[in-house]
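Quick notes on the structure that follows.
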Amino acid sequence: MDNSVPPAADPPPSNTHFNRDHRPPPSTSIQPYPTRSDFLVADFAIANSLSFATVNSFYKLLHNPLFKRRAALASVTPLGGEMKDDVIKVAYDGEEREIKVPHINVLQVLRDVVGNPELAPHFKLHPERWFREMEDGTTERFIDEFMTADDPWEYHTKFTNVDANAMPYYIHLYSDESKLSTFGEIKCWPIYMWLSNLPRHIRIMKGNVGAILVGYLPIVDLVFPPTERKKPAFTAFRREVYHRAWSLILDPVAEASRNGVEMLFN
């Protein structure tokens with residue numbers, strides 16, 4: 001396979017061969033947790049998106065000496081700090097409504113992921129173009145990972161032409177309705193974040209290297225009667241709530257996306 005890099009990319013990408021079957025060995029580190037028991041409970045909490053209050057109640061219920069370290073408990077959601085509620089105000093029916101939006105700092109999440117020394121060898125900082133040789137002797141370009149697509153190539157060239165030290169990071173966000181009970185009466189809209197500079201086989205892993213819970217979209221339908229939800233004005237209100245919530249959650253990275261920000265890469 002032949003590789004090429006954009007003119008402004010310096011140094012060139014380190015990987016020169018495509019190997020679909022390569023997988024890094026699993027990490028055996030349990031840091032920052034003091035014991036493996038703490039680590040396993042924290043891993044379960046993260047994988048199931050449990051809140052700090054839920055995990056805290058679970059620890060108290062067990063009354064087990066292994067689970068009494070508050071420092072380990074506080075690290076259940078180590079990326080971006082603890083979830084907090086911020087309030088947005090949106091007018092509806094002549095009244096300004098206050099709506100809570102639970103979220104963590106997306107920029108701090110990005111800093112934590114970029115600064116993770118265990119992830120450093122797997123980051124793709126420079127885009128690549130991959131080619132394969134065909135049976136007739138010609139070469140054909142193919143796109144597999146995000147960093148082999150056209151957009152990263154164009155953005156990287158654009159930024160490095162302005163500043164040779166500039167390094168774009170690519171954040172992907174996703175939200176979909178989730179049911180919190182067997183019969184589906186309780187629902188929420190979690191927002192997950194991926195860093196596309198990491199390869200796919202790492203992004204799909206559980207824990208703090210895969211999908212990271214960064215917040216929840218408010219479900220305004222729950223506080224209004226069904227008759228009210230059918231009104232066109234309510235549809236506009238719901239749309240405005242979602243837009244304001246997304247703006248609040250993305251606000252920490254808005255300025256960074258325009259002017260850049262210094263980050264420590266390990």
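Every heavy atom of this structure was used, including side-chain atoms; hydrogens, water molecules and symmetry mates were not.
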Asp251 (side chain) donor-acceptor with Ser247 (main chain) under 3.5 angstrom: no

Side chain to side chain contact (heavy atoms under 4.5 Å, CB included) evaluation trace for Asp144 with Arg200: CA-CA 9 Å; Asp144 185 79; Arg200 185 189 304 110; 3.9 Å; yes

Donor-acceptor pair, side chain of Glu140 and main chain of Phe131, under 3.5 angstrom: no

N/O donor-acceptor pair under 3.5 Å between Arg244 side chain and Lys89 backbone: yes

Value rounded to 0.5 Å, distance of CG in Asn105 from CE in Met83: 12.0 Å

Candidate pair Ile191 and Tyr174, rule side chain to side chain contact (heavy atoms under 4.5 Å, CB included), full reasoning: CA-CA 6 Å; Ile191 300 173; Tyr174 171 81; over 6 Å; no

Whether Phe123 and Tyr169 hold their rings parallel, tilted or perpendicular, with breakpoints at 30° and 60°: perpendicular

Taking every non-hydrogen atom, the tightest pair across Thr148 and Arg141: O-NH2, 2.9 Å

Min side-chain heavy-atom separation Ile219-Trp189 under 4.5 Å: yes

Nearest non-hydrogen partners of Phe159 and Pro168, listed with the distance: CD1-CG, 3.4 Å

pair Met193-Val106: side-chain heavy atoms closer than 4.5 Å: yes

For His243, side-chain hydrogen bond (donor to acceptor under 3.5 Å, both in side chains) partners two or more places apart: none

Flag side-chain contact, heavy atom, 4.5 Å: Pro252 against Gln108: no

Heavy-atom pair of closest approach, residues Met263 and Leu107: CE-CD1, 3.6 Å

Centroid-centroid under 6.0 Å between Phe146 and Tyr170 rings: yes

Closest non-hydrogen atom pair between Phe234 and Val220, with its separation: CZ-CG2, 3.9 Å

Rounded distance [0.5 Å steps], CG in Leu195 versus CG in Leu119: 9.0 Å

Donor-acceptor pair, side chain of Arg132 and main chain of Thr139, under 3.5 angstrom: no

Exercise answer: donor-acceptor pairs, residues 90-103 side-chain atoms, under 3.5 Å, sequence neighbours excluded:
unit_1, atom_1, unit_2, atom_2, d
Tyr92, OH, Glu228, OE2, 2.6
His103, NE2, Asp86, OD2, 2.8

In one Ile/Leu/Val/Met/Phe/Trp/Tyr side-chain cluster, 4.5 Å: Tyr155, Leu198: no

Shared hydrophobic cluster for Ile249 and Val113 (ILVMFWY, side-chain gaps under 4.5 Å): yes

Side-chain (Thr157) to main-chain (Trp153) donor-acceptor, under 3.5 angstrom: yes

Considering all heavy atoms, the nearest Met167-Leu125 contact: SD-O, 2.9 Å

Side chain Asn197, main chain Lys124, donor-acceptor under 3.5 Å: yes

Crowding at CZ, Phe224 (>12 non-hydrogen neighbours, <6.0 Å): yes

From Ile104 atom CD1 to Leu213 atom CG, the distance as rounded to the nearest 0.5 Å: 6.5 Å

Any Arg239 side-chain heavy atom under 4.5 Å of Phe237 side chain: no

Minimum side-chain heavy-atom gap Arg203-His172 below 4.5 Å: no

Pro232: side chain to side chain contact (heavy atoms under 4.5 Å, CB included) partners, not counting sequence neighbours: none

Side-chain heavy-atom pair Pro218, Val241 within 4.5 angstrom cut-off: yes

Heavy-atom donor-acceptor pair, Arg129 side chain to Ile143 backbone, under 3.5 Å: no

Non-hydrogen atoms of Pro121 and Pro117 that approach each other most closely: CD-O, 3.6 Å

